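In what follows, a single structure is set out as structure tokens and then discussed.
What you are looking at is a predicted structure, and each value in this text was computed from that prediction instead of being measured.
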Amino acid sequence: QVQLVESGGGLAQPGGSLRLSCTASGRIINIYDMGWYRQVPGKQRELVAVITSGGNTNYADSVKGRFTISRDNAKNTVILQMNSLKPEDTAVYYCNADIIVRPTLRRDDYWGLGTQVTVSS
């Protein structure tokens with residue numbers, strides 16, 4: 001019914017930048033919050049940043065001032081611009097969206113498959 005497709009992960013040097021993109025497609029009526037989470041082996045998935053449909057944002061303390069989340073509602077797309085990357089940003093990054101679908105009008109959380117971000121010299 002709904003797919004979230006991420007792109008833009010890869011390898012960056014410390015201090016470098018990467019841009020992640022995620023587009024939702026399918027039987028979508030409306031998308032509420034969209035966000036990015038990350039997970040490293042052996043640890044719980046953690047929130048990186050979230051943006052409401054109105055453009056309000058919230059960031060993890062560890063990324064404030066370095067990462068910027070934005071979205072294009074017309075394209076059902078959320079972007080995470082990551083600057084001043086650190087080795088501790090290395091993780092699998094997952095896109096998340098809170099979506100109402102048709103024809104059921106059911107509202108659920110949807111996840112992408114994840115994209116690897118590695119920060120290393």
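The shortest distance between side-chain heavy atoms of Thr68 and Tyr59 falls below 4.5 Å. At least one side-chain heavy atom of Pro87 sits less than 4.5 Å from a side-chain heavy atom of Pro14. Proximity of Cys95 to Trp111: side-chain heavy atoms (C-beta onward) are nowhere separated by under 4.5 Å. Side chains of Asp108 and Val101 form no contact here, defined as non-hydrogen atoms less than 4.5 Å apart. Annotation: side chain of Tyr32 is in contact with side chain of Ile100 (closest heavy-atom distance under 4.5 Å).
Residue Ser7 holds its OG atom at 7.5 Å from CD1 of Ile79, rounded to the nearest 0.5 Å. Here Lys43 contributes atom NZ and Arg38 contributes atom CZ; the two are 9.5 Å apart, rounded to the nearest 0.5 Å. Distance CD1/Ile51 to CG/Asp33: 9.5 Å, rounded to 0.5 Å. Put simply, CG on Leu18 and CD on Gln81 are 8.5 Å apart, with the number rounded to the nearest 0.5 Å. Rounding to the nearest 0.5 Å gives a distance of 5.0 Å between SG of Cys22 and CE of Met34. The CG atom of Leu4 sits 9.5 Å away from atom CG of Asp109, with the distance rounded to the nearest 0.5 Å.
In this model, no donor atom of one side chain and acceptor atom of the other lie less than 3.5 Å apart for Asn76 and Thr23. Counting only N and O atoms by type, the side chains of Tyr110 and Gln1 include a donor and acceptor under 3.5 Å apart. Neither side chain, Thr90 nor Thr118, offers a donor N or O lying under 3.5 Å from an acceptor on the other.
Counting only distance, with no hydrogens or angles, the side chain of Arg71 and the backbone of Thr52 share a donor-acceptor pair below 3.5 Å. For the pair Glu46 (side chain) and Gln39 (backbone), a donor-acceptor distance under 3.5 Å is absent. In this structure a side-chain-to-backbone donor-acceptor pair under 3.5 Å is present from Thr77 to Lys75. Within the 3.5 Å criterion, the main-chain N or O of Gly8 finds no donor-acceptor partner in the side chain of Arg19. A donor-acceptor pair under 3.5 Å is formed between the side chain of Arg66 and the backbone N or O of Ser84.
Classification of the Phe67-Tyr93 ring pair by plane angle, with boundaries at 30° and 60°, yields tilted.
A salt bridge is absent between Lys86 and Asp89; no separation between the charged side-chain nitrogens and carboxylate oxygens falls under 4.0 Å.
The minimum heavy-atom distance linking Ile28 with Arg102 is given by the pair O-NH1, 3.3 Å. Across every non-hydrogen atom of Leu113 and Tyr94, the tightest pair is O-CE2, 3.4 Å. The heavy-atom pair separating Ser17 from Ala12 by the smallest distance is O-CB, 4.3 Å. Taking every heavy atom of both residues into account, Ala97 and Ile31 meet most closely at CB-CG2, 4.2 Å.
Heavy atoms of other residues, nucleotides or ligands lying less than 6.0 angstrom from CZ of Arg27 number 12 at most. The number of heavy-atom neighbours closer than 6.0 Å to CG of Leu11, taken from other residues, nucleotides and ligands shown, is above 12. Residue Gln44 places its CD atom among 12 or fewer non-hydrogen atoms of other residues, nucleotides or ligands, all under 6.0 Å distant. Applying the 6.0 Å contact sphere to CD of Gln3 captures no more than 12 heavy atoms from other residues, nucleotides or ligands.
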Quick one: do Tyr37 and Arg45 satisfy side chain to side chain donor-acceptor pair (under 3.5 Å)? Show the steps, please. CA-CA 6 Å; Tyr37 290 71; Arg45 193 172 295 187; over 6 Å; no
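Screening Leu80, Leu20, Val92 against Val117 for a side chain to side chain contact (heavy atoms under 4.5 Å, CB included) leaves a single residue, Leu20.
Taken together through direct or relayed side-chain contacts under 4.5 Å among Ile, Leu, Val, Met, Phe, Trp and Tyr, Met82 and Val63 form part of one hydrophobic cluster.
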